[in-house]
Asks: 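Got a structure here, written out as structure tokens. Questions coming.
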Amino acid sequence: MSKKNGIEPFSRRSFLRSAVTFGAAALAAPALAQNATPLEALINDRSRGNWDDQFDAKAAARTAAAVQSNTPILGPDSVPNIQQAIAQYQSIVANGGWPQVTPTSQQPLQIGVTDPAVQSLRQHLMVTGDLPREAGISSSFDSYVDGAVKRFQARHGLPPDGVIGDFTQKAMNIPANVRLQQLNTNLVRLQTFPSDLGRRHVMVNIPATRVEAVEDGQVALRHEAIVGRESRPTHIINSKIYEVILNPYWTAPRSIIIKDIMPLMRKDPTYLTKSNIRLLDGKGQEVAPETIDWNSDKAPDLMFRQDPGKTNAMASTKINFHNPNNEYMHDTPEQGLFNKLMRFDSSGCVRVQNVRDLATWLLAETPGWPRQHIEQVISTRVNTPITLATEVPVYFVYISAWSAADGIVQFRDDIYNLDGNSQLALDTTQGMEQPVQ
């Protein structure tokens, strides 16, 4: 991978160290039955672990929730955990991978359906560790399969609805050797991080569209996020958060002025006024929008600044960190965007769901800023910058595959095509950011 993305080439030493780990894991596994096919042998291999989850109707809902963990993605155990996952997937690949899942009718595969394709689905879920082998092979999509599908979906960042829709089917039909390659790629990425990330730090995982606030080695808060789309990607950085701004002004970046605001003003000359966006010259004097030639090829050399308020592009909160890209984390007035399947819609900045919780956590060691006072200041709609007493490290990372100590392996869509295989981008990146209305 390229150095500009913060990813160093896989060293020979790292490869050899990993190979030793893989070899030890392989030697520890008992021999497979000689008279079984590779797939049957893998499904029946008892060294793959115990099944603690009961895949019945009552437990189906919690199988997806069990995928969540308070172990952070980045941490001292990140590398050994993904190496363990690599050893597991090497075994899967060596034994023939998993079967493709292709419904034989137009009816989606879901609970209550009987379809010959469910047999392949069951085999697939057994190989991946989502379905206990005791569930057996049949054409019936029962509560066992329902719980296993939800678990698979949760591990891949998909809505755990138990239905084999287009995205779930695409994720299932990515070959095992491609998933192994993805794990190896992310091992290299994880090896670039220091063991000490800071007692309190924030991690933004771009392909997972997820924010973690980590304290003393445990996830204190986890937030859904909206990150940059492929044409305007969020950058990979290591930095420090130094400021929280309540009731922020929003200053439009030059790219948005040119690509978005100028065309909108040609269609609707009242757009800026309706959006509470003021034009300011270099001396801070306000300039009337009607004095500007919006049909010009060049954008005016002015500041486009939106007043604080409910329609502000950053809503109640902005979180600043040192970086050369003019990126930041912030609130949004469009909370419904967090319900989208894939949240790659911004122009590079990161929108954070329930951002006031994160702001409260960041300000916990800055005297005078309990949650109640934060809410009081937000209600005034007065722009209020707050400098943190101690800067908090923040890491914007691109980790599309990882594993925790519980052995649950997680994968995400390769939104920026950095993993080296086009099959890992599931075309789930529909949608474009809309300028403030």
Side-chain angles (χ1 to χ4, degrees), residues 1 7 10 14-15 18-19 21-22 25-26 29 38-39 41-43 45 48-49 64 67 69 73 78-102 120-131 148-158 160 164-191 205-208 210 342 397-429:
M1 307 310 296
I7 302 166
F10 193 14
S14 298
F15 174 80
S18 301
T21 303
F22 306 152
L39 180 61
L42 183 62
I43 291 173
D45 183 6
R48 295 179 64 250
V67 171
S69 169
I73 293 175
S78 299
V79 169
N81 286 341
I82 198 171
Q83 287 176 328
Q84 183 179 15
I86 289 171
Q88 175 188 345
Y89 274 70
Q90 282 189 322
S91 176
I92 291 173
V93 170
N95 286 280
W98 45 62
Q100 296 279 294
V101 177
T102 306
S120 296
L121 175 61
R122 284 174 177 262
Q123 287 182 321
H124 188 292
L125 294 169
M126 288 178 184
V127 173
T128 58
D130 295 301
L131 181 68
V149 169
K150 289 176 179 176
R151 188 177 188 271
F152 176 93
Q153 290 169 326
R155 289 195 303 107
H156 291 75
L158 297 167
I164 307 298
D166 289 342
F167 295 137
T168 299
Q169 185 177 345
K170 286 181 180 179
M172 284 187 169
N173 287 340
I174 291 176
N177 66 312
V178 176
R179 288 301 191 193
L180 176 59
Q181 171 195 331
Q182 188 178 16
L183 286 166
N184 277 311
T185 298
N186 282 274
L187 168 63
V188 178
R189 293 171 182 159
L190 289 170
Q191 287 172 328
N205 190 2
I206 297 168
R210 185 67 62 84
M342 293 293 168
V397 305
Y398 197 92
I399 305 297
S400 62
W402 70 93
S403 180
D406 52 19
I408 295 176
V409 186
Q410 302 222 26
F411 298 98
R412 293 297 184 271
D413 188 4
D414 178 24
I415 171 62
Y416 295 160
N417 297 296
L418 299 180
D419 286 349
N421 193 307
S422 60
Q423 295 180 78
L424 296 172
L426 302 181
D427 297 324
T428 56
T429 57

Asks: Between Trp402 and Asn186, is there a side-chain heavy-atom distance shorter than 4.5 Å?
Replies: no
Asks: Between atom CD1 of Ile399 and atom OG1 of Thr185, what is the distance when rounded to the nearest 0.5 Å?
Replies: 10.5 Å
Asks: Kindly compute the distance separating CZ (Phe411) from CG (Leu183), expressed to the nearest 0.5 Å.
Replies: 4.0 Å
Asks: Hey, are Asp414 and Tyr398 close enough side-chain-wise for a donor-acceptor pair under 3.5 Å?
Replies: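 Note: Tyr398 and Asp414 side chains meet the donor-acceptor criterion.
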Asks: When you compare the side chain of Gln83 with that of Val79, does any pair of heavy atoms fall below 4.5 Å?
Replies: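 SC-SC contact between Val79 and Gln83 confirmed.
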Asks: Just jot down the side-chain hydrogen bond (donor to acceptor under 3.5 Å, both in side chains) partners of Gln410, sequence neighbours excluded, or say none.
Replies: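 Partners of Gln410 under the side-chain hydrogen bond (donor to acceptor under 3.5 Å, both in side chains) test: Arg412.
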Asks: Decide side chain to side chain contact (heavy atoms under 4.5 Å, CB included) for Arg179 and Ile92; before the verdict, give the C-alpha distance in whole Å, the side-chain angles of both, and the deciding distance to 0.1 Å.
Replies: CA-CA 10 Å; Arg179 288 301 191 193; Ile92 291 173; over 6 Å; no
Asks: Between Gln88 and Thr128, which heavy-atom pair has the shortest distance, and what is it?
Replies: NE2-O, 4.3 Å
Asks: Within the structure provided, determine whether Met172 and Ile164 are in side-chain contact (heavy-atom separation under 4.5 Å).
Replies: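 Met172 vs Ile164: side chains touch.
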Asks: Grab the two heavy atoms, one from Ser120 and one from Pro99, that are nearest each other, plus how far apart they are.
Replies: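 Heavy atoms only, the tightest pair is O-CG, 3.5 Å.
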Asks: Excluding sequence neighbours, so at least two apart, what forms side-chain contact (heavy atoms from CB on, under 4.5 Å) with Asn421?
Replies: Val178, Gln181, Gln423, Leu424
Asks: What residues form a side-chain hydrogen bond (donor to acceptor under 3.5 Å, both in side chains) with Thr168, not counting sequence neighbours?
Replies: Gln153
Asks: Do Phe167 and Asp413 come close enough that some side-chain heavy atom pair is under 4.5 Å?
Replies: no
Asks: Compare every heavy atom of Gln169 with every heavy atom of Thr102, then report the nearest pair and how far apart it is.
Replies: CA-NE2, 4.1 Å
Asks: Using atom types as modelled and distance alone, determine if a side-chain donor or acceptor of Asn417 lies under 3.5 Å from a backbone N or O of Ser422.
Replies: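 Checking the backbone N and O of Ser422 against the side chain of Asn417, no donor-acceptor pair under 3.5 Å is found.
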Asks: When rounded to the nearest 0.5 angstrom, what is the spacing between CG in Leu187 and CD1 in Ile86?
Replies: 4.5 Å
Asks: Is any side-chain heavy atom of Leu121 less than 4.5 Å from a side-chain heavy atom of Val149?
Replies: yes
Asks: In Å and rounded to the nearest 0.5 Å, what is the CG to CD1 distance from Asn81 to Ile408?
Replies: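 Atom-to-atom, Asn81:CG and Ile408:CD1 are 11.5 Å apart.
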Asks: Can you check salt bridge (charged side-chain N to carboxylate O under 4.0 Å, His left out) on Arg189 and Asp419, steps first, answer last?
Replies: CA-CA 11 Å; Arg189 293 171 182 159; Asp419 286 349; 2.8 Å; yes
Asks: Give, for atom CD1 of Ile174 and atom CD of Gln100, the distance between the pair rounded to the nearest 0.5 Å.
Replies: 10.0 Å
Asks: Checking the side chain of Arg151 only, and the main-chain atoms of Gly129 only, is there a donor and an acceptor separated by less than 3.5 Å?
Replies: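 At least one qualifying donor-acceptor pair exists.
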Asks: So, for Val409 and Ala85, which heavy atoms are closest and what is the spacing to 0.1 Å?
Replies: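 Here Val409 and Ala85 meet closest at CG2-CB, 3.7 Å.
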Asks: Nearest 0.5 Å, please: how far is CG in Asp166 from CG in Leu158?
Replies: 11.5 Å
